[in-house]
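Working notes for the structure below.
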Amino acid sequence: MPEFFEEEEEEEEEALPELDSDRVVMRMAPYPSGPLHIGNARMILLNDEYVKRYNGKLILFFDDTIGSEQKKPLPEAFDMIKEGLEWLDVDWHETYYKSDRMDTYYEYGEKIIEMGESYVCECSAKELRERREKGEACKHRSKTVEQNLEDWHAMLDGEFKEGEAILRLKTDMKYPDPAFRDRVLFRISERTHPLVGDEYRVWPLLEFSWAIDDHLLGMTHILRGKDLVMEDKMEEYIWDIFGWDHPEFLHYGMLRLKDVNLSKSEFQRKISKGKIDGWDDPRTWSLQSLRRRGIQPEALRDFILDFGLSKTDIEVPASKLYAKNRESIDIVANRYFFVPDPVEIELQGEIELEKAEIPRHPDKPERGNRILETGKKVFIPREEYEEYQGQEIRLKNLCNLTLEGNKGIITGFGNKDILKIQWLVEGIDVEVERPDATVEKGLGEKNLEETKAKDIIQFERYGFVKILDKEPFYTVFGHR
RNA sequence: GCUCCCGUAGUGUAGUCCGGCCAAUCAUAUUGGCCUCUCGAGCCAAUGACACGGGUUCAAAUCCCGUCGGGAGCACCA
């Protein structure tokens with residue numbers, strides 16, 4: 001067993017490119033608008049994997065600037081993110097908050113104005129966009145350093161309202177990449193921050209705050225998605241202004257799960273409107289929701305690390321994650337019968353067996369058998385009841401029968417190579433929460449009483465579920 | 001439209017930097033067989049790819065040019 005794992009880890013590491021460095025300091029920078037979800041896992045696990053491999057330092061850096069109206073920091077997100085990291089077995093060494101470092105950003109913001117590299121712009125967002133497109137500078141660009149410093153202090157002192165003034169970097173309005181023309185460094189926001197309240201009204205944008213912090217905290221490697229490649233150039237531009245060394249950038253492409261939507265802010269809206277129960281709703285694909293479904297952290301890690309560091313955009317079906325997870329849980333999950341949407345049928349003929357004995361796990365006989373009562377009246381799933389009318393099927397470990405309406409005419413008892421289905425003569429009410437958040441009801445065998453909450457079990461022919469509650473018996477569906 | 005990135009089997013991925021050891025790796029998927037009283041697991045086998053077109057070279061998945069396709073950015077979000 002240990003050998004098996006060692007081997008697998010070595011392969012995993014070889015899949016990642018080597019870093020050309022003997023010292024590694026990296027950071028994960030989640031934005032606290034909700035818990036981490038499977039889409040963030042790539043950023044997290046790649047960082048963690050590299051740092052562990054090089055015995056480096058990993059910093060958790062909450063990117064909690066004020067955000068936007070559509071993307072707000074959420075007070076409970078901070079703890080949910082840490083909870084997700086712990087679940088994923090990520091080791092980090094220090095924790096920082098952007099909102100805690102505002103004075104540092106102001107200090108360097110002022111420096112960059114003094115160096116004549118930035119200016120306070122009073123254009124509206126619309127004007128700015130139009131000029132950026134045309135490559136035209138506005139009149140504010142040519143102000144003197146003294147005027148800019150004065151306006152900057154006016155911004156800080158609250159003399160401008162939200163949207164009335166911003167600090168922009170002087171790159172070049174003719175720069176070929178329109179995205180790079182005089183980007184915004186600071187802007188005014190009158191929203192209340194969940195940690196620092198109304199203490200600040202001028203907030204840095206990520207490019208500036210990162211340029212400062214990545215240098216100040218001695219980052220050696222910066223891992224980010226392809227969607228943020230332009231931030232590389234911004235950071236380099238700012239580092240050059242201050243004459244600082246450049247850390248190395250690593251990029252990964254966009255990861256999409258087929259048929260799964262992964263927007264944190266969208267879920268934030270739905271949750272606040274009450275359309276979704278909470279952050280562990282299976283539809284959110286948050287780490288919390290995956291844990292709830294019985295996904296194992298090592299399966300997720302395996303799944304993600306398999307993609308390596310490629311810049312290719314990928315779309316993978318969730319079934320790939322399930323395949324990994326099955327490797328982890330198949331051997332631990334004991335088997336039980338669950339009859340979804342049960343239909344009662346009456347057996348015709350003599351029943352030979354008083355009890356049916358079925359192993360708890362087909363590959364682990366040492367776990368013993370579970371015993372099921374037999375009887376004339378048997379519940380079977382409606383799906384098979386309807387689909388196999390007139391055909392011979394087998395009640396697993398009990399008997400063969402031909403379905404004739406609500407009657408089951410017994411044809412024999414020996415094992416036979418026909419469809420085998422689960423059945424019960426008695427049982428307890430069981431609910432299964434499906435990945436689409438609907439709840440399927442059915443009958444579960446009485447032996448389920450021997451299980452514990454949090455156990456992962458398999459309902460034969462149905463799939464793996466995690467037990468959440470025993471009274472009432474409530475489970476969450478993981479996958480087949 | 002402009003800028004940047006990417007393009008290996010159904011899906012991912014190794015190999016691309018430093019051309020030959022690549023008639024191309026591994027996983028997953030699919031199909032068939034074995035095993036198993038689950039549509040689970042396991043075992044064995046098969047299927048299946050270098051986007052296209054030029055060029056350089058004794059030799060190209062690998063280098064160069066072009067084309068096509070996909071993605072990202074062009075927010076006072078991250």
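Just so it is clear: chains get the letters A, B, ... in the order the sequence lines come, proteins before strands, and each one is counted from 1.
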Test item: side-chain donor near acceptor, [X] and [Y], under 3.5 Å:
X       : Y       : answer
S209(A) : K98(A)  : yes
Y336(A) : E450(A) : yes
S99(A)  : D64(A)  : yes

Using whole Å, what does the distance between atom [atom2] of nucleotide [N] and atom [atom1] of [X] come to?
X       : N      : atom1 : atom2 : result
F477(A) : G40(B) : CZ    : P     : 12 Å
D232(A) : A72(B) : CG    : C1'   : 13 Å
Y175(A) : C4(B)  : OH    : P     : 9 Å
I329(A) : U38(B) : CD1   : P     : 18 Å
D417(A) : G33(B) : CG    : P     : 11 Å
K226(A) : U3(B)  : NZ    : P     : 17 Å
R168(A) : A75(B) : CZ    : P     : 10 Å
E231(A) : A78(B) : CD    : C1'   : 8 Å

For [N], which nucleotide is its Watson-Crick or G-U wobble mate, given both distances must be under 3.5 Å?
N      : result
A41(B) : none
C4(B)  : G71(B)
U36(B) : none
A59(B) : none
C76(B) : none
C22(B) : none

The side chain of [X] lies closest to which of these nucleotides: [options]?
X       : options                : result
D227(A) : G40(B), A72(B), U3(B)  : A72(B)
L128(A) : G73(B), U13(B), C76(B) : C76(B)
F307(A) : C76(B), G40(B), G12(B) : G12(B)
P178(A) : C74(B), A78(B), U38(B) : C74(B)
K233(A) : U3(B), A72(B), C6(B)   : U3(B)
A179(A) : U28(B), C74(B), C6(B)  : C74(B)
D363(A) : U38(B), A41(B), C76(B) : A41(B)
R187(A) : C37(B), C76(B), C5(B)  : C76(B)
I314(A) : C76(B), C6(B), U13(B)  : U13(B)
K324(A) : A72(B), C77(B), A27(B) : A27(B)

Between D330(A) and L228(A), just flag the one whose closest nucleotide in RNA chain B comes earlier from the 5' side.
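Closer to the 5' end of RNA chain B: D330(A).
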
On RNA chain B, compare the nucleotides closest to S319(A) and K420(A); which residue's is nearer the 5' end?
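By nearest-heavy-atom nucleotide position, the 5'-most residue is S319(A).
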
Show, in sequence, the C-alpha distance, side-chain angles and deciding distance for Y105(A) and D213(A), and conclude whether the side-chain hydrogen bond (donor to acceptor under 3.5 Å, both in side chains) test is met.
CA-CA 9 Å; Y105(A) 307 134; D213(A) 283 331; 2.3 Å; yes

Below 4.0 angstrom, N of the basic side chain to O of the carboxylate: do D182(A) and R141(A) qualify?
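Salt bridge: yes.
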
Ion pair present between E445(A) and R370(A), side-chain N to carboxylate O less than 4.0 angstrom?
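Counted as a salt bridge, because a side-chain N and a carboxylate O are separated by less than 4.0 Å.
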
Taking only N and O in the side chain of [X], is any of them less than 4.0 Å away from OP1 or OP2 of [N]?
X       : N      : result
T65(A)  : C77(B) : no
R132(A) : C76(B) : yes
R224(A) : A72(B) : no
R326(A) : A41(B) : yes

Name the nucleic acid region contacted by [X], choosing base, sugar-phosphate or nothing; use a 4.0 angstrom heavy-atom cut-off, strictly under.
X       : value
P176(A) : sugar-phosphate
R335(A) : base
D63(A)  : sugar-phosphate

Any N/O donor-acceptor pair, E315(A) side-chain to U11(B) base, under 3.5 Å
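Looking at the base of U11(B), it does not pair with any donor or acceptor on the side chain of E315(A) (distance under 3.5 Å).
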
Using only modelled atom types and a 3.5 angstrom limit, is any donor from either the side chain of K396(A) or the base of C37(B) paired with an acceptor on the other?
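Answer is no: no donor-acceptor pair is held.
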
Show your reasoning for whether ring-ring contact (aromatic ring centres under 6.0 Å, His included) applies to F208(A) and F186(A).
CA-CA 8 Å; F208(A) 188 74; F186(A) 285 87; 5.0 Å; yes

What integer number of Å spans the P atoms of A61(B) and C50(B)?
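To the nearest whole Å, 11 Å.
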
With rounding to whole Å, what would you report as the distance between C26(B) and A72(B) at their C1' atoms?
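Result for the C1' pair: 29 Å, nearest Å.
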
Aromatic centroids of H221(A) and Y50(A) separated by under 6.0 Å
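No, they do not, as the ring centres are separated by 6.0 Å or more.
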
